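The structure presented is a predicted model; accordingly, all values stated were derived computationally and were not measured. One is the number of the first residue; the rest follow in order along the sequence.
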Amino acid sequence: RKLPAEQVVWLVLGMGLYRNRSIADVCDKLSLVMPAADTGLRRVAPSALTQARERLGSAPLRYLFLSSAQTWADQETRADFHGLKLLSVDGTVFQVPDSNANAAYFGYPNSGRNAYPTLTLVSLLSVHSHLLWDVAFGPSRVGEVSHAQQLVGSAPAASLTLFDRCYFSAGLLLAWQQQQPDCHWLMPVKNKLRHTVIEQYGPHDCLVEMPVSPQARRQQPHLPATWQARLITYADPQGAIRGFLTSLMDPDAYPLADLLNVYWQRWEIEQGYGEIKRQQLTNETLLRSQTPDGIEQEMWGILLAYNLIRLEITRIASDADVPPQRISFVMALRYIQDEF
């Protein structure tokens with residue numbers, strides 16, 4: 001009775017904002033416990049916090065994150081590339097406590113026993129605001145492409161999503177571009193890409209046709225035998241990157257030079273992960289919970305807290321008429337911690 005569900009939601013958010021405090025301390029500092037009717041005391045045993053979190057579960061935090069993220073995504077109207085909103089997809093990992101339940105569910109990376117079981121997270125992030133528009137996470141034994149499949153349909157119409165080359169998958173990319181009108185993607189080309197040139201637009205710009213692997217067609221029988229994309233390349237490769245594949249087929253509407261430059265904005269998602277891990281979690285990327293549902297609840301709380309910080313940064317930037325990247329994440333985090 002002292003910890004109804006709404007108070008526990010605030011507790012999980014607090015866990016995502018105050019990584020350097022124990023869960024009991026977070027509860028105490030935020031005065032989350034309802035006062036007892038007879039004594040007015042606001043104290044509970046630490047075991048009561050565990051029981052309250054178990055009663056709440058992870059589903060309400062998942063709903064809260066996804067519904068708020070969708071609302072805030074719908075409010076973003078800025079188009080940074082030829083009328084398209086710029087997004088990025090990439091993955092990262094978090095370690096979880098080495099309890100029997102966590103080890104059995106999340107597993108260890110690379111099929112070998114590491115120090116801790118590992119959770120894999122794949123996110124769809126706005127390049128402009130760093131707001132997370134959607135995420136998928138789960139056991140480390142599940143590949144990033146499989147997690148990214150859960151994000152299909154989350155990118156809006158009139159958008160361009162920047163992928164790393166590890167997401168090269170006909171099933172993923174065809175589904176991505178077919179969900180919404182003008183929903184496009186771009187990624188670095190693999191070194192040993194099997195392709196046939198269908199039409200040459202310029203010395204470093206062409207339409208290509210690629211085979212879909214038999215393994216992919218067995219898993220997804222609806223896939224065609226071949227598929228097409230636009231291949232653009234640098235005259236001089238940029239390190240390991242010699243060019244890109246994209247669903248933006250029209251060379252007049254989307255010039256070669258612009259496409260070669262836009263990919264580097266993908267690093268904004270790396271900045272976002274750095275903000276979560278280094279600043280928000282103070283480099284403590286080992287999560288706290290001893291059960292898989294507790295880990296999922298905690299992860300949703302961390303991601304929701306991050307989005308609240310980025311939302312405030314976006315609003316500050318709008319008032320100041322500057323890009324959100326000009327606003328210090330650390331200062332915004334401290335401001336919200338103080339006010340919270």
Side-chain angles (χ1 to χ4, degrees), residues 12-13 15-17 19 58-59 61-70 72-73 87-99 101-103 105-110 114-127 129-155 161-167 169 172 176 187 266-310 329:
V12 177
L13 285 174
M15 290 168 55
L17 280 173
R19 188 60 179 86
S58 61
L61 272 297
R62 178 181 185 274
Y63 170 80
L64 184 58
F65 173 85
L66 294 176
S67 59
S68 61
Q70 184 60 60
W72 298 330
L87 307 169
S88 183
V89 166
D90 204 358
T92 190
V93 296
F94 291 84
Q95 294 179 324
V96 303
D98 197 7
S99 66
N102 284 343
Y105 181 76
F106 291 105
Y108 299 90
N110 301 322
N114 197 15
Y116 294 98
T118 301
L119 171 151
T120 297
L121 169 76
V122 176
S123 302
L124 175 67
L125 175 137
S126 166
V127 168
S129 67
H130 285 200
L131 277 166
L132 297 169
W133 284 20
D134 198 1
V135 300
F137 60 83
S140 59
R141 68 177 68 90
V142 178
E144 288 189 22
V145 171
S146 297
H147 287 301
Q149 289 278 5
Q150 300 178 52
L151 307 181
V152 169
S154 296
T161 302
L162 309 174
F163 287 90
D164 188 23
R165 76 180 76 201
C166 71
Y167 294 94
S169 161
L172 170 64
W176 197 273
M187 67 168 49
R266 190 190 73 82
W267 298 109
E268 294 296 333
I269 195 169
E270 304 288 355
Q271 295 287 340
Y273 284 147
E275 290 166 348
I276 294 174
K277 290 185 171 183
R278 291 193 298 272
Q279 309 300 338
Q280 183 180 341
L281 300 183
T282 63
N283 287 317
E284 294 288 344
T285 54
L286 175 65
L287 303 183
R288 314 188 198 208
S289 305
Q290 299 295 316
T291 65
D293 193 60
I295 288 292
E296 292 185 6
Q297 180 194 74
E298 182 181 349
M299 195 75 242
W300 289 119
I302 289 169
L303 299 172
L304 183 54
Y306 175 75
N307 261 5
L308 287 169
I309 299 166
R310 292 304 321 181
F329 182 85

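- Separation of atoms CD1 (I269) and CG (L124) is listed at 7.5 Å; rounding is to 0.5 Å.
- Here CD of Q297 is found 7.0 Å from OG of S58. Values are rounded to the nearest 0.5 Å.
- Considering only heavy atoms from C-beta on, L303 comes within 4.5 Å of V135 through its side chain.
- Contacts classified as ring pair (Phe, Tyr, Trp, His ring centres under 6.0 Å) and involving residues 285-309 (residues at least two apart or in different chains) are given here: F65-W300, F137-W300, Y306-F329.
- Taking CD1 from I295 and CD from Q95, the interatomic distance works out to 11.0 Å, rounded to the nearest 0.5 Å.
- With sequence neighbours excluded, the residues that form a side-chain hydrogen bond (donor to acceptor under 3.5 Å, both in side chains) with S99 are N102.
- By the 4.5 Å heavy-atom criterion applied to side chains, T118 and Y108 are not counted as neighbours.
- Evaluation of the ring-ring contact (aromatic ring centres under 6.0 Å, His included) rule for Y105 yields no partner, not counting sequence neighbours.
- Annotation: side chain of P139 is not in contact with side chain of T120 (no heavy-atom distance under 4.5 Å).
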Could you walk me through whether V122 and L151 pass side-chain contact (heavy atoms from CB on, under 4.5 Å), step by step? CA-CA 9 Å; V122 176; L151 307 181; 3.9 Å; yes
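- Applying the side chain to side chain donor-acceptor pair (under 3.5 Å) test to pairs two or more places apart or on separate chains, those with a residue in residues 136-150 are E144-Y167.
- The side-chain heavy atoms of P97 and L286, taken from C-beta on, include a pair separated by under 4.5 Å.
- Partners of E268 under the salt bridge (charged side-chain N to carboxylate O under 4.0 Å, His left out) rule, at least two apart in sequence or in another chain, do not exist in this structure.
- The side-chain hydrogen bond (donor to acceptor under 3.5 Å, both in side chains) check on R266 picks up D90, Y263, with sequence neighbours excluded.
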Chi angles and distances behind the side-chain contact (heavy atoms from CB on, under 4.5 Å) call for N307, W133: CA-CA 9 Å; N307 261 5; W133 284 20; over 6 Å; no
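- Closest heavy-atom contact between P117 and F106: CB-CB, 4.2 Å.
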Audit row: W72, L308, side-chain contact (heavy atoms from CB on, under 4.5 Å) steps and yes/no: CA-CA 10 Å; W72 298 330; L308 287 169; 3.7 Å; yes
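- Heavy atoms only, all atoms of each residue included: D98 and A115 are closest at OD2-O, 3.8 Å.
- Closest approach of M15 and R288 over heavy atoms only: O-NH2, 3.4 Å.
- Residues P109 and V93 form no side-chain contact, since every pair of their non-hydrogen atoms from C-beta on lies 4.5 Å or further apart.
- In terms of the side-chain contact (heavy atoms from CB on, under 4.5 Å) criterion, residue partners of S129 (sequence neighbours excluded) are, by chain and number, E76, S126, L131, T314.
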Working note: M187 + L162, criterion side-chain contact (heavy atoms from CB on, under 4.5 Å); need CA distance, chi angles, decisive distance, verdict. CA-CA 6 Å; M187 67 168 49; L162 309 174; over 6 Å; no
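- Contacts of S289 classified as side-chain hydrogen bond (donor to acceptor under 3.5 Å, both in side chains), with partners at least two apart in sequence or in another chain: R53, E298.
- Applying the side chain to side chain donor-acceptor pair (under 3.5 Å) test to residues at least two apart or on different chains, the pairs with a partner in residues 277-286 are T92-K277.
- Note that CG of L172 and CZ of F163 are 5.0 Å apart. Values are rounded to the nearest 0.5 Å.
- The line from CG of L125 to CG of L87 is 8.0 Å long, rounded to the nearest 0.5 Å.
- Note that CG of L287 and CZ of R19 are 7.0 Å apart. Values are rounded to the nearest 0.5 Å.
- Checked against side-chain hydrogen bond (donor to acceptor under 3.5 Å, both in side chains), D134 has the following partners two or more places apart in sequence or in another chain: S154.
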